[in-house]
Every structure is written in C-alpha cells, then in structure tokens.
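I have placed the structure first, in the form of structure tokens, so that the comments after it can refer back to it.
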Amino acid sequence: MVSEYEVKDIKLARAGRLLIGWAETRMPILLKIRGQFRREKPLQGLQLGTCLHVTKETAVLMRVFKAGGAEVALCGSNPISTQDEVAAALAEEGVNVYAWRGETADEYYRCIENTLSYKPRITLDDGADLVTILHTKKTELLKNVVGGTEETTTGVMRLRAMADAGALKYPIVAVNDAYTKYLFDNRYGTGQSTIDGIMRATSILFAGKTFVVAGYGWCGRGIAMRAKGMGANVIVTEVNPLRALEAAMDGFTIMPTREAAEVGDIFVTATGNLNVIRKEHMLKMNDGAILANSGHFNVEICIPDLEGIAVSKRSVRPNVEEYRLKDGRRLYLLAGGRLINLAAAEGHPPEVMMMSFADQALCVRYLTEHWKELEPKVYKVPDHIDQTVAKLALDMMKIRVDVPTKEQIKYLKSWEAGTI
Ligand SMILES: NC(=O)c1ccc[n+]([C@@H]2O[C@H](COP(=O)([O-])OP(=O)(O)OC[C@H]3O[C@@H](n4cnc5c(N)ncnc54)[C@H](O)[C@@H]3O)[C@@H](O)[C@H]2O)c1
C-alpha cells in the first residue's frame, strides 16, 4: 500500500512490525474491536488526523482505524517520543506518518501541518497542539472537521479553556476523563512507566532513596505508589488541599517544595502546571539530585532557571544531562525535562493502552454517528462506552462479577425503606 510519509528510516519497518505484533498480543480488546470494524466498516472513507505518541500501542489503534475503513494521517504528540521502527512499519502499512524521534520544534509543527493537510473529518489529539494549529494557522480546514477526541489531562484543560473563551469550533470528546482511561492509564500506566523511564535512564537503586513527587493527581498517585513499592521514602508536594489530604492519608509525607528540595534524591513532576521546580528549589538541592518530569509539557521543571544557575553542562548518559553549579554541586536532568516514561522507556504498557485506545476507537465511531447532535463543546465519554470497555477488560482478565438481583435494583432506586 502506498503512503506519503516522513520517518527516520523506512528500513526499520521490519523491527517495527515485531514491536507492534508484541503489543497486539497484550491488547486483545483492540483486536476484538478491530474484528468488528473490519466486518462493519463504520469509518469507511473517513479521514482521520491523529497527533499521538507514535508507539507500538498507538500502531495497534491505527490498525483498528484502517480496518474500519478510515484513511489515517499521523504525527507525534511530542518531539522525542516517537519509536522510529513503529513509524516506519505504519508508513509501510499505508498510514501517512510524519514523525521521528528528535524533531526540532519547527519540525514538530511542520509534521502537525502535514497531518492536517489531509483535511481530517475527525481529529485525535494528545495535548491539543494539533487542535490549536487548526484553530490558529489552518482555520480554512475547520469546515471539514465534525469532531475530535483528546487523550490527556493537559489537552482537556486547554480545550476547556478554548470552549470557555468561545474559540472551540467543533465538539471534542475528552477521552482522558473516561473512568476506563484516567483511573488506569494515568495512575497505573504513568506510575509504572515513569519508574521504568528513570531506571532505564539512570540505573539507580530506588530502595532507601528520598523520592519527591510533585502533584498527587492521577499520575502523581501512581508514581508515588510505585516508588513506595520499590522501597523509596516518598514525599508529595501539592497545591490542592484535598489532594494533599488524600496523599497524607495514603501514608505519604507532605511538605512544601522548598523543604522537599533540601532532602530529595529524585524529583518527579506530574502536575500539568509550569515552573513547579525552579531556581529557588534547585539552589537548595543536594549534590547528585535527579530531576524528571512526567507531565505533558517540558515546562514543569524550569529549564531556563537550571541553565541560568549552572556553570557547565554535559551529557553523561543517554537521557541524562549533568548541570554543575558554582559550588560544584551536580544536578541531573532526565530527558530534557520531557515525558520521562516516553523519552527513556516505551511509554505505558500495552494492557493499559488497550483500555484508553478502546475508548478512542469507540468514541471515534460515536462521533461519526452523533456529530450532528453535538455542539462545539468538550464532551464526556458516553457512559455506555466506559461500561463497555470496563466489561471487556474484565472479560479479557477472566474476572467475573455479580449481577444485582431485580429486588436489589428496585431497592437502590427507592426511598421508602429505611431503618429496620
Ligand atoms: N507521562 C504520561 O504518559 C502521562 C499520562 C497521562 C497524563 N499525563 C500528564 O500528566 C499531567 C498530570 O495529569 P493528571 O491526570 O495526574 O492531572 P490531575 O489534574 O489529576 O493532577 C495534577 C495535580 O497536580 C497538582 N498541582 C498543580 N500545580 C501544582 C504545583 N505547583 N505543585 C504541586 N502540585 C501541583 C494539582 O493540584 C493536581 O492535584 C498532565 O500534564 C497530563 O497531561 C502524562
């Protein structure tokens, strides 16, 4: 099949097919949906513009869309998260791929524009960069678009801000906010893969280390939980009193960042906010402190501050940059402050991406059937899709659950019965 593409090296396709094949063995729900899509062709002739991390799991989703009859263009949602083997394999399979690991900022946005040049009917975004370009630089293409989906918390926040400002021009389903997405992907996916990324980058021992997690949201709690499981002493920093209280009752130590800075060995941000770790904190850190980010953008650790206080900088391992301060202390920044789990490891495990991407596939189908009823707003994932994905996941895990009796259903909907 012929496709137009720009990838690192098309000869990597064979290695990419092996990676995708491995992911498929761990993503049976997507294979089931692919079978349905192949039979029913719900996306026949539909042009999809997708901006997602180009990983082996994303490739499995792209195959679902192709099976459903869609034409797919794909670019990366981060300049350094693309798995080049996977991009090559997808290009060979007829996906118009514009992605490689190590894109410059200009190249990153050029890839988004190339993806948009196919005039998508439906967009899939992870972080809302594609939607933003569509609404700012490529407004002439908006008339073709009937709907979109958004994969991550930061993207949903940006889209809500767009909708509030009256700037959003078509309906977008917030896939991130499905229970079958954030409860599992953000928590267990980011939890495991962030630790994996730090370990692959540094090879350090976690046991006995003081590990600081900024943000006790769905990602932060997963990271904290897994770091604790590895034997680290975990400190959580927060700005939201409720979340701080939860972290305290989950058994973590809570303190302001400036105090945590003095005792931490490893710092990981997962807040979706900017300049969470900055000069005033860096200046207090111990020699050898490691800084990593798992939030969507590389703004959580203030890199200009780090550059400003350092007298020298050198690369000491792949994904590890050593910054030397005036007094000789060394701070280590991982993956340039970009998503550590995708930059230094392989992103989330296929089992969790199976659920997030089942939501994506079913939401795209939903949009093709319901776009006429929707307004240019950010929508929740329909409850029936969430329930379907949860049931499918339980089936695949061979877990059976009880079914409420008719009497119980009636009781739960009544108010008359009380204390006996
Ligand atoms: N690495 C990945 O693969 C991956 C996966 C999913 C989401 N994300 C990204 O991770 C980020 C967090 O997502 P989430 O779902 O956990 O969001 P969330 O909204 O559930 O949690 C964010 C938390 O950070 C806290 N916070 C905000 N500013 C802070 C500050 N200055 N100091 C300390 N805490 C602060 C908030 O109070 C909140 O509790 C987002 O950018 C999201 O897009 C990354």
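Since the structure is predicted, the reported quantities are computational estimates derived from the model, not experimental observations. Atoms within each ligand, like the ligands themselves, are counted from 1 in listed order.
Atom 21 (O) of ligand 1 has Gly217 CA, 3.1 Å as its closest protein atom, hydrogens excluded (heavy atom only). The closest protein non-hydrogen atom to atom 13 (O) of ligand 1 is Thr153 OG1, 3.4 Å. Annotation: atom 44 (C) of ligand 1 to nearest protein heavy atom, Ser294 O, 3.1 Å. Regarding atom 40 (C) of ligand 1, its nearest protein heavy-atom neighbour is Thr154 OG1, 3.3 Å. The protein atom (non-hydrogen) at minimum distance from atom 9 (C) of ligand 1 is His296 N, 3.6 Å.
Near Thr152, meaning under 4.0 Å from one of its heavy atoms, ligand 1 places the atoms 6 (C), 7 (C), 8 (N), 9 (C), 42 (C), 43 (O).
Using a 4.0 Å cutoff on heavy atoms, Trp218 counts as a contact of ligand 1. Every heavy atom of His53 sits 4.0 Å or more from the atoms of ligand 1.
Checked against Trp218 for a ring pair (Phe, Tyr, Trp, His ring centres under 6.0 Å), the options Tyr179, Phe184, Tyr182, Tyr188 give a single hit: Tyr182.
Considering backbone and side-chain N/O atoms, Asn186 comes within less than 3.5 Å of an N/O atom of ligand 1. At under 3.5 Å, not a single nitrogen or oxygen of Leu342, backbone or side chain, sits near a nitrogen or oxygen of ligand 1.
Nearest to atom 23 (C) of ligand 1 by heavy atom, out of Glu246, Arg278, Glu238, is Glu238.
By the criterion of a heavy-atom distance under 4.0 Å, the side chain of Asn273, and not its backbone, is placed next to ligand 1.
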